[in-house]
Structure formats: C-alpha cells, structure tokens
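Encoded as structure tokens, the structure appears first; notes follow it.
Counting begins at 1 with the first residue of the sequence.
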Amino acid sequence: MTAADSQQTRDPQAPKGRPTPKRSEAQSQRRRAATQPRDRKAAMKQARETRRTELARQREALANGDERYLPARDKGPVRRFVRDFVDSRFCIAEFFLPMAVIILVLSMIRVGQLQTISLLLWLGVIVMIIIDSVGLSIRMKKQLNERFPNESKRGAVAYGLMRTLQMRRLRLPKPQVKRGERP
C-alpha cells in the first residue's frame with residue numbers, strides 16, 4: 001500500500017456519478033470561464049467594474065450588518081460581539097468631537113477666565129475618556145475570554161476602543177443592538 005493509494009477517495013473503477021459532457025458543452029464552459037479581455041484597456045475597465053460592484057456590496061453590508069460581505073476587519077463572531085458590546089453601552093469617547101468643537105470655540109475667545117476653563121475642560125475630557133476606555137477594555141477582555149476561549153482575539157479590544165471614538169450614528173457597520181441591551 002503506497003501513499004497515493006491511501007489518499008484516493010473512491011475506487012478508480014467506480015462510476016463517477018454523472019455523465020461525461022459533450023465536447024461542445026465542455027468547450028463552451030471553458031470559454032465562459034476564460035472571459036478575460038485580450039487588450040489592456042478592456043481588462044482595466046472590467047477590473048474597475050468588478051471592484052465597483054464589490055465595494056457597493058460591502059457598503060450595503062456595512063449598512064445592514066450582513067456578515068457575508070463585510071470587510072475582513074469586521075468579520076467573525078468575535079468582532080460582532082465587540083461591536084455589540086460597545087454599541088450597547090454609553091461611552092464618553094463618542095462625544096469627544098462635539099465636546100472638542102465646543103472647547104475649541106471657548107479657547108478662541110480672548111477672555112482669560114474662559115481660556116483657563118477651556119484648558120481645564122480639555123484635561124477633564126481626556127481624563128474621563130482614558131478612565132472610561134480602561135474600564136471598558138478590562139470588561140471587554142473578561143467577556144471575550146469567557147465567551148471565546150479558543151478563538152483568536154487579536155486586535156479585538158483595539159477595534160472596540162476605536163469604535164467608541166465614533167459617534168453612534170456614524171458607526172459602520174451600523175449598530176445592531178440598542179443601548180442597554182446586553183450582547
């Protein structure tokens with residue numbers, strides 16, 4: 001008994017279970033498979049169209065949460081859990097941009113007390129975001145280790161923290177859970 005014999009899945013004398021296609025059918029299938037245009041310009045146009053349809057499908061998946069067509073960074077049960085974990089909570093970091101605009105406007109006013117207040121507000125906002133992010137990452141790591149003990153969790157916490165920095169309405173993929181619901 002050789003290595004080739006042990007790898008065979010069926011008896012070589014057994015029927016294959018389907019009829020042999022006619023030569024004309026086989027040739028037409030081969031031609032259909034090789035639809036690559038011969039000239040470079042047409043090939044580039046076809047590649048552009050393929051890329052455009054793929055991006056449209058990804059955009060639709062990001063809006064609907066369809067796992068099949070999501071980009072690689074958003075696929076998988078771990079990333080879905082992280083998204084739901086972050087979306088179900090209130091995070092201070094998601095209000096960073098509106099608060100930054102308000103503090104920036106306050107700091108531009110030429111009144112000494114307002115500039116001091118804006119500087120203290122910057123410090124307070126940054127400290128609150130750091131404390132909230134550390135607490136969230138600790139809870140997220142604990143939940144990930146409980147729910148997915150044998151799966152790769154590489155980059156999942158950073159993915160979740162980056163998601164907290166986006167305002168809830170602007171997050172992609174769109175939130176699938178409401179605030180207060182637990183994933």
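- Hydrophobic clustering of Ile, Leu, Val, Met, Phe, Trp and Tyr side chains at less than 4.5 Å, counting indirect connections, unites Val111 with Ile103.
- Under the rule for a side-chain contact (heavy atoms from CB on, under 4.5 Å), the partners of Leu165 that lie at least two apart in sequence or sit in another chain are Ala93, Met162.
- If you take CZ on Arg168 and NZ on Lys178, they are separated by 10.0 Å, rounding to the nearest 0.5 Å.
- Considering every non-hydrogen atom in both Gln115 and Ser107, the closest pair reads NE2-O, 3.2 Å.
- To the nearest 0.5 angstrom, Leu104 atom CG is 10.5 Å from Ile109 atom CD1.
- Pairs engaging residues 92-117 under the ring-ring contact (aromatic ring centres under 6.0 Å, His included) rule: Phe90-Phe95 [sequence neighbours left out].
- Annotation: the span from Arg110 atom CZ to Met108 atom CE amounts to 9.5 Å, rounded to 0.5 Å.
- With sequence neighbours excluded, no residue satisfies salt bridge (charged side-chain N to carboxylate O under 4.0 Å, His left out) with Arg79.
- Residues passing the side-chain contact (heavy atoms from CB on, under 4.5 Å) test with Leu172 are Leu62, Lys174, sequence neighbours excluded.
- Judged by distance alone, the side chain of Arg171 and the main-chain N or O of Arg163 form a donor-acceptor pair under 3.5 Å.
- What you find for Cys91 and Thr164 is that their closest heavy atoms are SG-CG2, 3.7 Å.
- Applying the side-chain hydrogen bond (donor to acceptor under 3.5 Å, both in side chains) rule to pairs touching residues 130-145 yields Gln143-Arg147, sequence neighbours excluded.
- Looking at Arg57 and Glu54, a side-chain N of the basic residue comes within less than 4.0 Å of a carboxylate O on the acidic one, giving a salt bridge.
- A donor-acceptor pair is defined here as one N or O able to donate and one able to accept, closer than 3.5 Å; such a pair exists between the side chain of Lys153 and the backbone of Glu151.
- Here the closest non-hydrogen pair linking Gln176 and Asn64 is NE2-O, 3.5 Å.
- Shown here are the side chain to side chain donor-acceptor pair (under 3.5 Å) partners of Glu67, two or more places apart in sequence or in another chain: Arg83.
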Self-check item: Leu55/Gln58 under side chain to side chain contact (heavy atoms under 4.5 Å, CB included): CA gap, chis, key distance, verdict
Solution: CA-CA 5 Å; Leu55 287 174; Gln58 273 188 2; 4.0 Å; yes

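- Partners of Glu49 according to the side chain to side chain donor-acceptor pair (under 3.5 Å) rule, which considers only residues two or more places apart in sequence or in another chain, are Arg52.
- In this view, Arg179 and Glu94 satisfy the side chain to side chain donor-acceptor pair (under 3.5 Å) rule, not counting sequence neighbours.
- Applying the 6.0 Å contact sphere to CD of Glu146 captures more than 12 heavy atoms from other residues, nucleotides or ligands.
- By the 6.0 Å contact criterion, CZ on Arg182 is enclosed, its count of non-hydrogen atoms from other residues, nucleotides or ligands being greater than 12.
- For residues 105-128, no pair satisfies ring-ring contact (aromatic ring centres under 6.0 Å, His included), with sequence neighbours left out.
- Among all heavy-atom pairs drawn from Leu144 and Ala156, the shortest one is CD1-CB, 3.9 Å.
- Under the 4.5 Å side-chain heavy-atom criterion for grouping Ile, Leu, Val, Met, Phe, Trp and Tyr, Ile126 is connected to Val134 within one hydrophobic cluster.
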Exercise. Could you go through the side chain to side chain contact (heavy atoms under 4.5 Å, CB included) check for Glu181 and Asp84 one step at a time?
Key: CA-CA 9 Å; Glu181 287 181 21; Asp84 292 345; over 6 Å; no

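- The existence of a salt bridge linking Arg80 and Asp74 is excluded, since no basic side-chain nitrogen approaches an acidic carboxylate oxygen closer than 4.0 Å.
- Going from atom CG of Asp39 over to atom CE of Met44 covers 11.5 Å, rounded to the nearest 0.5 Å.
- Shown here are the ring-ring contact (aromatic ring centres under 6.0 Å, His included) partners of Tyr159, two or more places apart in sequence or in another chain: there are none.
- Linking ILVMFWY residues whenever their side-chain heavy atoms come closer than 4.5 Å, directly or via other members, places Ile129 and Leu121 in the same cluster.
- Note: the hydrophobic cluster containing Val78 does not contain Val177 (ILVMFWY, side chain heavy atoms under 4.5 Å, direct or indirect links).
- Both Phe81 and Leu136 are assigned to one and the same hydrophobic cluster, defined by single-linkage of ILVMFWY side chains at heavy-atom distances under 4.5 Å.
- Not a single ring-ring contact (aromatic ring centres under 6.0 Å, His included) links Tyr69 to another residue, sequence neighbours left out.
- Between Met99 and Ile92, the shortest heavy-atom distance links the atoms CE-O, 3.9 Å.
- Applying the side chain to side chain donor-acceptor pair (under 3.5 Å) criterion to Arg68, with sequence neighbours excluded, gives Asp66.
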